[in-house]
Amino acid sequence: MHRRSSKGDVAQNALRVVEQAIGVLMKPKKTLQFPARKKNPAAVALGKLGGFKGGRARAAKLSAQERKEIAQKAAKARGARSE
């Protein structure tokens, strides 16, 4: 798994170096605020048509043997990933 660096990005490191060199803390004047993303209502409605019932409908169609095979395949995949 990728480790997240606790040292910040390049711009933050550059600011820290400059602050240490001149001995003064420099605070940014204003942070950028981006507008909230709006979802397309038509796309949301289409997603709700089949998205909520998809997994349950598929599970209802499967036999016990098919569900068992799928579960075993998933367990093997998880085991292979952790090794």
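It should be emphasised that the depicted structure is a prediction, and the values quoted were computed from it without experimental measurement.
Here E19 pairs with nothing under the side-chain hydrogen bond (donor to acceptor under 3.5 Å, both in side chains) rule; sequence neighbours left out.
Within the 4.5 Å cutoff, the side chain of I70 has heavy atoms near those of the R58 side chain.
Linking Ile, Leu, Val, Met, Phe, Trp and Tyr whenever their side-chain heavy atoms come within less than 4.5 Å puts L15 and V24 in one cluster.
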* Does the pair R16 and L25 meet the rule for a side chain to side chain contact (heavy atoms under 4.5 Å, CB included), with working shown? -> CA-CA 8 Å; R16 186 175 43 84; L25 290 177; over 6 Å; no
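Between the side chain of E66 and the main chain of S63, a donor-acceptor pair closer than 3.5 Å is present. Between the Q72 side chain and the E69 main chain, no donor and acceptor come within less than 3.5 Å of each other.
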